[in-house]
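Just so you know, these numbers use all the heavy atoms, side chains as well, and skip hydrogens, waters and symmetry mates.
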Amino acid sequence: MNKSFNRPVDGALYMFYKGYKVFPVKPGRKDPVLIGWQEWADTATEQLIIDTGTANPTYNWGIRLEENDIVIDLDKKKGKDGEASLQKLEATHGKLPVTFTVLTPTGGKHLYFKGRGSNTAGSVGEGIDTRSFGGFVVTPGSRIDDKVYEIEIEGDAADLPKTYSELIGKKKEVVVLNDTKKVEEGERNAVLTSLAGTLRRRGLNYDSIYLSLQAINEHQLEVPVEDEELKIIAGSIAKYKPEDAIAASDFLELPEIKAFTARSINLAAIPKRDWIMQNRYIGEFISLIIAPGGVGKSTLAMLDAVSIATGKPLSGFDITKQGAVWLYNMEDPRDELERRMAALSISHRLRLDDEIMDN
């Protein structure tokens, strides 16, 4: 039976206890939350991982691979079958040993080994990528499109046979495009980010990467992307150290940018702001209350929460969308929170038993 985890951070802690270095990844994605993810992973402690995962329960997690780590990523998407390709390799180079294995949300697998190799994408075999020193993979417990990375085979990572180490080591991550090949629309971002990673690996700066992407965009993309997207890709990759750029580019997966001009704006079609508390909280936005310590931020946040839950403008702001509220407080003990809630109910003549708590 496959091993799963209730929370992404539980999978991160599982891998941390196995000796791997982990770091936070964007919710539902495979790219790091932080630009300096390498340093974060190097210095992360058990408590820091727990605290980060508790404060950000939807974060996915990644593993920074060390010099003797290598993961064979068997893809199963877009018509590619990495397992079938691996079977062909095993017929020539021998069968791989049973090792720690993670199932990916698309039906593929991550095979963990100890050994030397390089970061490759499809050069070893169709649907086979490899991640080694400087690269990273997503931890079990992480989620993509509500599907979870699960452990299929527990245990330690086996030693990678020498024949495979040599095979992977010979393959370098280089993007080569000839002037007759057109890049299909669905492959645009993958090609552009991979090319940007290769150029950055060779020490090129933002300006040089951007100009190269412009040339590819103009001459070899069946449907060119907007120039703003080229700038975003070049800027994102240029932030990485050259030695980390290839691994970063493979997991960047930037969404396509839909550029617009002032003339294209349809005023009538622009939706109104989704106010929850008028002039104070908007749906799908993050609002902050900032003030020196001890002036009542926590109490004000509790009053706002009660206002939204009851639909009453207790803090002076109209409630446009009443609903349930989750009040998350990591500073005060439970009895203090209960004391404040009771005081609010008395001051505003609210019933704790049903008027507040049922909402």
* **Side-chain heavy atoms of S298 within contact of D332, under 4.5 Å** => yes
* To do: Any pair with a residue in residues 11-30 that passes ring pair (Phe, Tyr, Trp, His ring centres under 6.0 Å), sequence neighbours left out, goes on the list, sorted by first then second residue, please.
  => F5-Y14, Y20-Y112, F23-W37, F23-F136
* Taking everything shown except K80 itself, do over 12 heavy atoms lie less than 6.0 Å from its NZ? -> no
* **Residues in side chain to side chain contact (heavy atoms under 4.5 Å, CB included) contact with Q278, at least two apart in sequence or another chain** => W275, D318, T320
* Got a second to check how far L300's CG is from K297's NZ, nearest 0.5 Å? -> 10.0 Å
* side chain to side chain contact (heavy atoms under 4.5 Å, CB included) partners of S287, counting only residues at least two apart -> Y281
* Asked: With ILVMFWY side chains joined below 4.5 Å, transitively, what does V98's cluster contain besides itself?
  -> I153
* Does D227 have any side chain to side chain contact (heavy atoms under 4.5 Å, CB included) partners at least two apart in sequence or in another chain, and if so, which? -> Y210, Q214, L230, K231
* Structure fact -> Between R201 and P242, the two heavy atoms sitting closest are CD-O, 3.0 Å
* To do: Considering non-hydrogen atoms only, spot the tightest contact between M15 and P140 and give its length.
  => CG-CD, 3.7 Å
* Structure fact -> Exactly one candidate in D69, I72, L111 meets side chain to side chain contact (heavy atoms under 4.5 Å, CB included) with L160; the answer is I72
* Asked: Is the shortest heavy-atom distance from the side chain of V306 to the side chain of M341 under 4.5 Å?
  -> yes
* Asked: Between K147 and D145, does at least one N-O distance fall below 4.0 Å, as a salt bridge requires?
  -> no
* Indicate the atoms forming the closest heavy-atom contact of T99 with T101, along with that distance. => O-OG1, 2.9 Å
* Asked: Do NZ/NE/NH1/NH2 and the carboxylate oxygens of D73 and R131 come within less than 4.0 Å?
  -> no
* To do: For residues K76 and G108, report the shortest heavy-atom separation together with the two atoms involved.
  => CB-N, 4.1 Å
* To do: Determine whether more than 12 heavy atoms belonging to other residues, nucleotides or ligands lie under 6.0 Å from atom CZ of R273.
  => no
* Asked: Any chance CG of D156 has more than 12 other-residue heavy atoms, nucleotides or ligands included, within less than 6.0 Å?
  -> no
* Structure fact -> Residue pairs meeting ring pair (Phe, Tyr, Trp, His ring centres under 6.0 Å), one or both in residues 286-345, sequence neighbours left out, come to W326-Y328
* Determine whether more than 12 heavy atoms belonging to other residues, nucleotides or ligands lie under 6.0 Å from atom NZ of K88. => no
* Asked: Between S208 and N205, does any side-chain donor sit less than 3.5 Å from a side-chain acceptor?
  -> yes
